[in-house]
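Heads up: the structure comes next, in structure tokens.
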Protein chains: 2
Amino acid sequence: MEKINIKSLAEELNLSISTVSRALHDSYEISAETKKRVVELATKLNYVPNHHASSLRSKKSKMIAVVIPEVADSFFAQAINGIESVAQENGYHVLIYLTHESLQKEQAILKDFQCGRVDGVLMSVSAETTGALHIKELMAKGIPLVFFDRASDEVETARITTDDLKSSYAATQHLLESGCQKIALLSVSDSLSISNERMAGYKQALLDHHLSFNTADIVLCTNNEEQNLQRMISLLQNSNRPDGIIATVEKLTTSVYLACHSLQLSIPNHVKVISFSNLQSALLLNPSLTTITQPAFEMGRSAATLIFKSLKNKNFNLKGERLVIPSRLDIRSSTVT
Amino acid sequence: MEKINIKSLAEELNLSISTVSRALHDSYEISAETKKRVVELATKLNYVPNHHASSLRSKKSKMIAVVIPEVADSFFAQAINGIESVAQENGYHVLIYLTHESLQKEQAILKDFQCGRVDGVLMSVSAETTGALHIKELMAKGIPLVFFDRASDEVETARITTDDLKSSYAATQHLLESGCQKIALLSVSDSLSISNERMAGYKQALLDHHLSFNTADIVLCTNNEEQNLQRMISLLQNSNRPDGIIATVEKLTTSVYLACHSLQLSIPNHVKVISFSNLQSALLLNPSLTTITQPAFEMGRSAATLIFKSLKNKNFNLKGERLVIPSRLDIRSSTVT
DNA sequence: TTTATATGCGGAAACGTTTGCGTAACAAAT
DNA sequence: ATTTGTTACGCAAACGTTTCCGCATATAAA
């Protein structure tokens, strides 16, 4: 089968290349009849435009990138669905890039974007990320970027977040009101804005209840599950172990539950657990898990909507855009005795 | 900042464009010294090659696509990680495309690939997929494709699967040996090879235990969770409800558990449940879930390895390639009284 | 009739690479 | 002294589009 491109269409129809191109783009300069002829032959010959050529020429790739730490996290999975739904409406493709919480990978990915591979970027920064030069560098090349959930404070651009401080406050308060005296906060980073927010809410709630904030109650976890489990176990077999735990990241929940199981500690009797999580199965856990449920899908949708606004309207400025969509506290058995 | 490309590098260095290009590709035709000069200036000026231009010219995109039904499924999430790990080793990018179990979307995606957007495709077909013209058409364009997990029987190409029939047999046998008399099989398709395999294993196990196979015990579910839940409820409140359930898709588990909860049916006393699932939290469910655990990561790795083999060696034929990686039966409380 | 104004289309450059072919310089072999 | 070979590089075409111009022809306004 000979290759079928605009040129061959043009020859077949006795038209010029430019006319065919315009006809396919439904240009006003082309008569209805010609358009019809072109489109008919194109569909008949199953013409598929070469994306690389058009991107090269037009400097538009019709693709946006989603850069996230993990895909095996229900928050991100749902957010992707939200993003995809908007992208589809706009005729865009979505590329998903995983950093696995590694700053180095994040840098490599963004660097690659400088070649114009994508028109815009939606991003949730990795836990390791501290600096922001790689992000600024990308934006300096004129590629719009919108943060969702995990934003970098050092970069001036749109961010879609949830009310982390408030939710964390609510979670802490809920534990305190359920009788907890010593609450541990499991975090995955001490530099992420989102982590700081959640920590601040936690702190504030403690203070408002006349309890002192203790640095030792903040447990910094890693990306290594085995390690995290060990950390949980040593935390919980300590003589003055916490009687309440807040997991600020979904996957840490598993470690907590496993640790409790193996140590024969009862949730919620010995220790109450609450987690930032969108797990469908939270309701089905043993015991069912109290969660801060984030508006993942909506956050994805909003972030995507914003990036398209900026792509369509070049003088639309993302800088000031802030959207905070509230999370929900779903109280279940893991915090109720 | 003026645009920095091969041409500007060449001018700056008093070299020709071709020499710079070759130097950057570490061609043997270029002296070590020249290479060094080029690379140094390139990194100094932060040169990023234009991917569209090189793809257009070289007809290689250095990208592979992963086409899957959902990302909110731990099997696919883990498989993606496996694929990514191999892609990274080969200097390739991974694009993730979601069909949401829709044949129409799947067709649109593959059609788009015809423009050479990606060099190869890894795919798990959607539940709706019956025909295979869109797949054959893509492969006819010379783009290699490897199935993983869900394959189409109508297409002659490599496939990485797990031992579905055997696992399903083992699951059914396990339920029978645990005392079940009437086992329902929840499926998501009646055309998918994988579904047929799982059904065949189920059937065979029944026959081997001198039980009759009953079509009414096969429950075909959809992509609509609410609907599935209703279906589970009506299944379980039936007078002769099953005392054993095999969910062939992870997300159906939630519906089963929810239905049992709402109907006050005890798992495993009233009904035993086993699911094809890679959920981390299977162990933590109430009760903990017996699963057929699939080698998701390994399947992803193997599929990716195969596609790269074919990309590197054009006369390597994918047709005959078959790899079956065994799943594991993890017996937990949901099937043990 | 002349002058504007659309309308519909073609020519050709440009986007940033890769790559086949050509060739100058020099060394080695005849 | 000539041939052969090697090394290191340059020229220019090609990849498939998009898009800026230009240019007819036709119709309307002057």
Side-chain angles (χ1 to χ4, degrees), chain A residues 1-39 41-42 45-63 112-117 119 141-142, chain B residues 1-39 41-42 45-63 91 112-119 141-142:
Chain A
M1 172 171 15
E2 55 166 321
K3 53 192 83 176
I4 146 85
N5 51 26
I6 275 201
K7 193 173 167 188
S8 61
L9 287 182
E11 279 169 5
E12 181 84 12
L13 291 165
N14 276 325
L15 288 171
S16 77
I17 291 181
S18 45
T19 302
V20 175
S21 173
R22 277 188 267 254
L24 290 172
H25 284 83
D26 201 28
S27 162
Y28 68 98
E29 303 190 69
I30 306 298
S31 72
E33 196 199 357
T34 308
K35 278 181 193 171
K36 198 180 154 213
R37 285 178 62 215
V38 172
V39 171
L41 185 67
L45 295 186
N46 201 13
Y47 166 70
V48 180
N50 184 309
H51 160 259
H52 300 302
S54 71
S55 293
L56 173 60
R57 177 59 227 243
S58 66
K59 311 239 172 222
K60 300 260 148 271
S61 68
K62 284 279 178 185
M63 310 209 274
D112 176 74
F113 290 167
Q114 289 187 22
C115 82
R117 191 188 286 275
D119 295 344
K141 296 260 178 185
Chain B
M1 171 169 19
E2 53 164 324
K3 53 191 83 176
I4 147 85
N5 52 26
I6 274 201
K7 194 175 167 189
S8 61
L9 287 183
E11 279 168 6
E12 181 82 13
L13 291 164
N14 276 325
L15 287 172
S16 76
I17 290 181
S18 47
T19 303
V20 174
S21 173
R22 278 188 263 254
L24 290 171
H25 285 84
D26 201 27
S27 162
Y28 68 96
E29 301 190 68
I30 306 298
S31 71
E33 196 199 357
T34 307
K35 279 181 192 169
K36 197 179 155 214
R37 285 178 61 213
V38 172
V39 172
L41 185 67
L45 296 185
N46 203 13
Y47 164 71
V48 180
N50 184 309
H51 159 259
H52 299 303
S54 70
S55 292
L56 173 60
R57 177 59 227 243
S58 67
K59 310 240 173 220
K60 299 259 149 272
S61 67
K62 284 279 177 183
M63 308 210 274
D112 176 75
F113 290 167
Q114 289 187 22
C115 82
R117 191 189 285 276
V118 295
D119 295 344
K141 295 262 178 183

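Bear in mind that the values here come from a model prediction, so they are computed numbers and not experimental data. First the proteins, then the strands, lettered A, B, ... as listed; each starts at 1.
Reading DNA chain C from its 5' end, the first and the last nucleotide to sit under 4.0 Å from a heavy atom of chain B are dG16(C) to dG20(C).
Exactly one of Ile30(A), Ile6(A), Leu24(A) qualifies for a side-chain contact (heavy atoms from CB on, under 4.5 Å) with Val38(A). That residue is Leu24(A).
The main-chain N or O of Ile17(A) is never found under 3.5 Å from a side-chain atom of Ser21(A) such that the two would form a donor-acceptor pair. Judged purely by atom type and a 3.5 angstrom limit, Asp112(B) has no side-chain atom pairing as donor or acceptor with the backbone of Cys115(B).
Residue pairs meeting the salt bridge (Lys or Arg N to Asp or Glu O under 4.0 Å) criterion with at least one member in residues 20-35 of chain B, sequence neighbours excluded: Arg22(B)-Glu29(B), Asp26(B)-Lys35(B).
Rounded to whole Å, the distance from CZ on Arg37(B) to C1' on dA8(D) is 13 Å. A straight line from CG of Asp26(A) to C1' of dT18(D) spans 16 Å, rounded to a whole angstrom. For Lys7(B) and dC11(D), the NZ to C1' distance is 14 Å, given to the nearest whole Å.
Remark on the helix from dT1(C)-dA30(D) to dT30(C)-dA1(D): inter-end axis angle 50°, axes from five-pair C1' superpositions, rounded to 10°.
Residue Thr34(B) is in sugar-phosphate contact alone, with no base atom involved, counting any heavy-atom pair closer than 4.0 Å across all strands shown.
Annotation: side chain of Leu9(A) is in contact with side chain of Leu45(A) (closest heavy-atom distance under 4.5 Å). Looking only at side-chain heavy atoms (C-beta outward), Val48(B) and Phe113(A) stay at 4.5 Å or farther from each other. A heavy-atom distance below 4.5 Å is not found between the side chains of Asn50(A) and Asn5(A). Using a 4.5 Å cut-off on side-chain heavy atoms (C-beta onward), Asn46(A) and Gln114(B) make contact.
The side chain of Tyr28(B) places no N or O atom within less than 4.0 Å of a non-bridging phosphate oxygen (OP1 or OP2) of dC9(D). Phosphate contact (OP1/OP2 of dT17(D), side-chain N/O of His51(A), threshold under 4.0 Å): absent.
Asp119(A) meets the side chain to side chain donor-acceptor pair (under 3.5 Å) test with Ser61(A), Tyr92(A); sequence neighbours excluded. Residues that satisfy the side chain to side chain donor-acceptor pair (under 3.5 Å) test with Ser54(A), not counting sequence neighbours, are absent from this structure.
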When you compare the protein's N or O atoms with those of nucleotides 19-22 of chain D, which come within less than 3.5 Å of each other, and at what distance?
from	atom 1	to	atom 2	distance (Å)
dT19(D)	O4'	Arg57(A)	NH2	3.4
dC20(D)	N4	Arg22(A)	NH1	3.2
dC20(D)	N4	Arg22(A)	NH2	3.4

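Of the two residues near DNA chain D, Pro49(A) and Ile30(B), the one whose nearest nucleotide lies more 5' is Ile30(B).
The minimum heavy-atom distance between His52(A) and Gly116(B), with the atom names listed, is NE2-O, 2.8 Å.
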